[in-house]
Amino acid sequence: MNQPVKPLNVLIKGLLLFTLFNLVIAAWQPGIGQFSLYNALYPGRERLPFGENPKQSYNLSLFDLDAMFASHVIAGTPKSDDEFRVIIVGDSSVWGTLLKPEETLAGQLNADNLNACGKNVRAYNLGYPTISLTKDVMLLSYGMQYDPDLIIWMTTLDAFPLEKQTSTPLVANNEEKVRELASNYGLRVEADDPNFEIKSFWDKTFIGNRRAWADFFRFQIYGVMWSATGIDQFYPDRYERAQTDFEADDSYHDLTAPLSEDAPAINALETGFRVAGETPILLVNEPMLISAGANSDIRYNFFYPRWAYDDYREIMFALSERNDWVYVDLWDIIPANEFTNSAIHLTPAGEKLLAETLAPYIMEACK
């Protein structure tokens, strides 16, 4: 004889199961980011996911490194015997703001069909918007599992200020990874750094972490449109050009002249070399816009007063010589008209010139 269904009992059991599910998720932390439709149902993306307008760019920003890399083409490309694998880390200039994937530095290098050590050069874009050496080291650390033959590290002075190291959201939301770099490689991190987003046990439940879960599933869904169109960034018809006229202001963060090696986050740079181990790094001071506008005798561009940048270049040369780093200073190789909306963002023609300049260093990397 069938017993009547008791709605209250069903409700109570459902709530108990849902509570248990949340507790299991918080305790287990299943690492769902490792599971991805990219490189399986969809092709891998040519650059790490980043975007603030997903309906137009079919992309969005994540903080889950597993999910980010699982969507990247490098995760789905086994390294062949004839591949000379190059990974490129850096800021939005490497990621390619306003550039299609094939127009970025990695894309231009791949189009050049370079050869190094008798192998075919294949470059992978691991750049990510926001400027921070610690962010670069974190992504480099993750990228090392893909067995690079060469690392190109594009950087600029604004990646060095101490206050910028952990304030970028990608770093702030990956405290455990940064602490791991501190323990294993000596990355200098404050014990009570207020920038870190520290999650409680309840924040790690399905309900508490629902935004991350929602973003993960949305990112998988956006893969349908991305794979159909190849669009992973919104490309406006018009944009505001990089600033060339400035106030008579020579300030740079809270630093004063002369710039000292003790002031910037040199430790993060040194940590990157320790993370790379025996894999060679080509350290590049990336090109920047050199303005000829108002007060350009005081500032090179929006980012830099001349005194700070000149001191920085001297410090980088001294550091590289002292540590035997392979360092290339390309700060002034790109004409001002080949920058787009920022003093570090290049046009496709500017990226092509940059790729052509770097190509000889890549081809000689194994000698």
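Only a predicted model underlies this, so the values are computations on that prediction, with no experimental measurement involved.
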CZ (R211) with more than 12 external heavy atoms under 6.0 Å = no
ask   = With a cut-off of 6.0 Å (strictly less than), are more than 12 heavy atoms of other residues, nucleotides or ligands near CD of E247?
value = no
key: ring pair (Phe, Tyr, Trp, His ring centres under 6.0 Å) contacts touching residues 86-116 (sequence neighbours left out)   = F50-W95
task = Only counting residues at least two apart or in another chain, list the ones meeting salt bridge (Lys or Arg N to Asp or Glu O under 4.0 Å) with D329.
result = R313
N-O pairing of [X] and [Y] below 4.0 Å:
X    : Y    : value
R306 : D297 : no
D149 : R85  : no
K100 : E46  : no

remark   = Value for CH2 (W325) from CG (L269), rounded to nearest 0.5 Å, stands at 4.0 Å
query = How long is the span from the CG atom in L98 to the OG atom in S93, to the nearest 0.5 Å?
reply = 12.0 Å
Show me the donor-acceptor pairs within less than 3.5 Å that the side chains of residues 216-225 make with the rest of the protein, sequence neighbours left out.
unit_1 : atom_1 : unit_2 : atom_2 : d
R218   : NH1    : D215   : OD1    : 2.8
Q220   : OE1    : L37    : N      : 2.9

request  = Please work out which of the three classes, parallel, tilted or perpendicular, describes the rings of Y309 and Y312, given edges at 30° and 60°.
outcome  = tilted
ask   = Got a donor-acceptor contact below 3.5 angstrom from the S183 side chain to the R179 backbone?
value = yes
ask   = So, for Y38 and Y42, is the gap between ring centers shorter than 6.0 Å?
value = yes
